[in-house]
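Only one structure is covered here, and it is reproduced in the block below.
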Protein chains: 2
Amino acid sequence: MLATAYANDAGTVDHTTGFAPKRSPDADGLELRGIAGPTRTFEAKEHVFREGDAVTHVYQVEAGHVCIYKMLSDGRRQVIDFAYPGDFIGLGAMHEHGCNAQATSRARIRLMPVVTLRQVMRDDALLGMKLYEAISRELLAARELLMTVSQRTAMERVASFLVALSRRNARRGEDPREFVLPMTRNDIADFLGLTIETVSRTFTKLRAEGLIDLAQSVLVTIVDPASLEEFAEGRTH
Amino acid sequence: MLATAYANDAGTVDHTTGFAPKRSPDADGLELRGIAGPTRTFEAKEHVFREGDAVTHVYQVEAGHVCIYKMLSDGRRQVIDFAYPGDFIGLGAMHEHGCNAQATSRARIRLMPVVTLRQVMRDDALLGMKLYEAISRELLAARELLMTVSQRTAMERVASFLVALSRRNARRGEDPREFVLPMTRNDIADFLGLTIETVSRTFTKLRAEGLIDLAQSVLVTIVDPASLEEFAEGRTH
DNA sequence: CGTCCCGTTGAGGCGGTTCAAAGTGCGTGG
DNA sequence: CCACGCACTTTGAACCGCCTCAACGGGACG
């Protein structure tokens with residue numbers, strides 16, 4: 001039985017990459033460490049997999065950040081998700097990957113062969129349930145993003161993006177008020193269905209209205225969380 | 001073992017509702033009939049469940065059509081999917097539903113209690129796999145819709161909507177060139193992130209350019225499938 | 001026949017894009 | 001250590017695609 005292997009013993013530094021360990025990953029404590037195969041380190045901009053690749057593994061980010069995106073033939077890009085340490089990537093792909101996964105910064109990633117995954121899902125109902133829940137969360141997130149991109153204004157999109165990052169940090173036991181953006185304006189723009197100019201202007205406006213502060217372009221401080229959430233929910237006309 | 005219960009014996013008319021039987025559902029032949037509980041008939045506009053409702057069942061549409069959508073507090077609506085006969089709805093919800101499900105026309109729906117679902121997923125790896133695949137398809141669809149809504153023009157959105165319906169019909173063994181839209185312009189607009197006026201204008205334009213024909217507002221005939229797909233993929237500037 | 005709902009069409013306005021240019025931070029090499 | 005180049009960000013101005021508001025048409029139903 002593999003059911004005892006979920007023990008969250010994250011606490012040691014990976015000396016091969018020098019990453020600081022993260023305390024509580026998003027995936028409700030489920031870790032492939034001890035269950036699955038080895039890790040691999042991907043450099044910034046390196047792809048973990050690409051759309052159309054045969055599915056060979058399921059991946060779990062252990063350190064760094066990964067950008068999941070889809071492309072249109074003419075270059076238009078849609079960022080689907082930013083994977084943080086603890087997050088799974090590559091779940092739900094059946095035969096070939098339906099999107100691309102690219103490290104935004106150096107990332108350490110654990111690999112689990114899909115054959116192992118299938119076998120484990122047969123043998124271990126609890127793990128199967130965990131993966132079902134992980135993919136369910138991805139579905140929820142995709143639909144929430146759809147709502148954001150399709151229905152909200154630029155202001156509301158950026159606000160809800162920041163609120164989501166803040167909540168994610170809170171869940172991970174990090175500071176929900178001040179954090180570093182692990183992605184570029186371009187990534188944010190392609191995530192929210194805006195241009196980088198609009199994203200930049202909107203950040204500026206949020207700062208001008210005193211809802212956030214930007215000491216550097218990547219360092220966000222949420223000054224007025226309540227008002228930011230109002231904006232995010234569209235309750236501020 | 002429940003593994004033998006998947007046999008697709010759809011072929012009898014349900015005399016309680018008078019629905020014509022559908023030949024091949026979308027969910028790769030997986031049917032809850034014989035595994036799960038009874039069916040219930042929902043009238044047009046009746047809700048199967050609402051956002052925030054406790055999750056009590058998983059549902060499979062057997063006849064009719066169901067509109068899945070989310071709402072913002074100020075009334076903005078995002079349609080997430082249109083469920084056809086054979087499609088599951090309510091999958092992936094953990095404790096409470098994250099969206100609403102409303103019959104667009106009278107619909108017969110099979111109900112399976114979640115407790116049964118959980119038990120079956122433990123006991124029957126194959127069924128668990130099938131449900132994992134069903135939710136994976138939903139994730140794929142959500143991301144594809146995200147791409148469409150976020151990156152494509154009105155013309156491209158409507159074109160890809162029609163192409164998707166056409167392919168769906170082809171998969172179901174029905175006519176991919178001529179079909180009835182089981183939803184209103186309003187539903188389509190909220191699905192594609194447009195207004196009903198823009199949807200209407202775009203249909204008119206597609207007809208004017210000879211790509212489709214509209215004998216009635218709900219009866220679509222695809223005249224030039226190749227060109228329509230070109231539009232859908234954005235290869236036509 | 002009137003009402004209601006849905007779809008279509010038209011005219012004008014606006015939010016976000018496009019195009020252009022200047023500003024900022026950082027690694028690299030002289 | 002500074003100069004330079006490069007990638008990223010910010011800001012400005014003009015444009016455009018879709019939205020808003022408004023009016024009209026047609027089928028279903030009482």
Side-chain angles (χ1 to χ4, degrees), chain A residues 43-45 67 72 74-79 102 104-106 148-159 161 180-209 212-220 231 234 236-237, chain B residues 44-45 67 72 74-79 104-106 148-159 161 180-209 212-220 231 234 236-237:
Chain A
E43 298 302 321
K45 309 220 166 186
C67 174
L72 247 35
D74 63 357
R76 283 175 284 180
R77 187 176 73 134
Q78 177 63 43
V79 172
Q102 180 184 34
T104 60
S105 55
R106 168 179 284 207
T148 295
V149 150
S150 182
Q151 302 294 333
R152 297 196 230 252
T153 65
M155 199 72 167
E156 290 166 0
R157 291 187 215 187
V158 174
F161 171 70
V180 170
L181 300 175
M183 71 292 281
T184 66
R185 293 286 186 273
N186 214 321
D187 292 332
I188 299 172
D190 288 346
F191 183 65
L192 296 176
L194 299 169
T195 58
I196 71 168
E197 293 95 330
T198 300
V199 171
S200 182
R201 276 185 256 268
T202 308
F203 268 106
T204 302
K205 198 180 289 180
L206 284 172
R207 190 184 51 192
E209 301 203 4
I212 65 170
D213 191 31
L214 286 169
Q216 312 159 43
S217 66
V218 295
L219 179 60
V220 176
F231 266 105
T236 318
H237 57 282
Chain B
K45 309 221 166 185
C67 174
L72 246 34
D74 62 358
R76 282 175 285 182
R77 186 176 75 135
Q78 176 64 43
V79 172
T104 60
S105 56
R106 168 179 284 207
T148 295
V149 151
S150 183
Q151 302 294 333
R152 297 196 230 253
T153 65
M155 198 73 168
E156 291 167 358
R157 291 187 215 186
V158 174
F161 171 70
V180 170
L181 300 175
M183 70 291 282
T184 66
R185 293 287 186 273
N186 214 322
D187 291 332
I188 298 172
D190 288 347
F191 183 65
L192 297 176
L194 299 169
T195 59
I196 70 168
E197 293 96 330
T198 299
V199 171
S200 182
R201 275 185 257 269
T202 308
F203 268 106
T204 302
K205 198 180 290 180
L206 284 172
R207 189 184 50 192
E209 302 204 2
I212 66 169
D213 191 32
L214 285 169
Q216 311 159 44
S217 65
V218 295
L219 179 59
V220 175
F231 265 104
T236 317
H237 58 283

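In what follows, every chain begins at residue 1, and chains take the letters A, B, ... in the order their sequences are listed. Please read these numbers as outputs of a predicted model, since none were measured by experiment. Computed over heavy atoms, backbone and side chain alike; hydrogens, waters and symmetry mates excluded.
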About how many Å separate CG of A:Leu219 and CD1 of A:Ile212, when rounded to the nearest 0.5 Å? 10.5 Å

Taking all non-hydrogen atoms of both residues, which atom of A:Leu72 and which atom of B:Gln151 are closest, and how far apart? CD2-CB, 4.4 Å

Does anything in residues 197-204 of chain A come within less than 4.0 Å of DNA chain C? Heavy atoms only, and list the residues if so. A:Glu197, A:Thr198, A:Arg201

Please report the distance, rounded to the nearest Å, between NZ in A:Lys45 and C1' in D:dC6. 11 Å

Please round to the nearest 0.5 Å and tell me the distance separating atom OG1 of A:Thr198 and atom CE of A:Met155. 12.5 Å

In this structure, how many angstroms lie between the P atom of D:dT11 and the NZ atom of A:Lys205, rounded? 12 Å

Quick one: on DNA chain C, does A:Thr195 or A:Ala215 contact a more 5' nucleotide (nearest heavy atom)? A:Thr195

Smallest separation among heavy atoms of A:Val199 and A:Arg185, with atom names: CG1-CD, 3.8 Å

Mapping A:Met155 and A:Gln216 to their closest nucleotides on DNA chain C, which lands nearer the 5' end? A:Met155

Does the cation-pi check pass for A:Arg152 over A:Phe231, that is, NZ or CZ under 6.0 Å from the six-membered ring centre and within 45° of its axis? no

Can you tell me the distance, in whole Å, between the CG atom of B:Leu192 and the C1' atom of D:dC18? 14 Å

Give me the one residue out of B:Val79, B:Val218, B:Ile188 that meets side chain to side chain contact (heavy atoms under 4.5 Å, CB included) with B:Met183. B:Ile188

Drop me the distance from B:Gln78's CD to B:Leu192's CG, to the nearest 0.5 angstrom. 8.5 Å

Please give, in whole Å, the distance from D:dC8 P to A:Met183 CE? 15 Å

Separation of D:dG17 atom P from B:Arg157 atom CZ, nearest Å, is 13 Å

Taken to the nearest whole Å, CD/B:Gln151 to P/D:dG17 is 17 Å

Could you list where the contact with chain B starts and ends along DNA chain C, reading 5' to 3', using a 4.0 Å heavy-atom cut-off? C:dC6 to C:dA11

Using the six-membered ring of A:Phe191, assess whether NZ or CZ of A:Arg77 lies under 6.0 Å from its centre and within 45 degrees of the ring axis. no

For the atom pair OG1 (A:Thr202) and CG (A:Leu194), what is the distance rounded to the nearest 0.5 Å? 6.5 Å

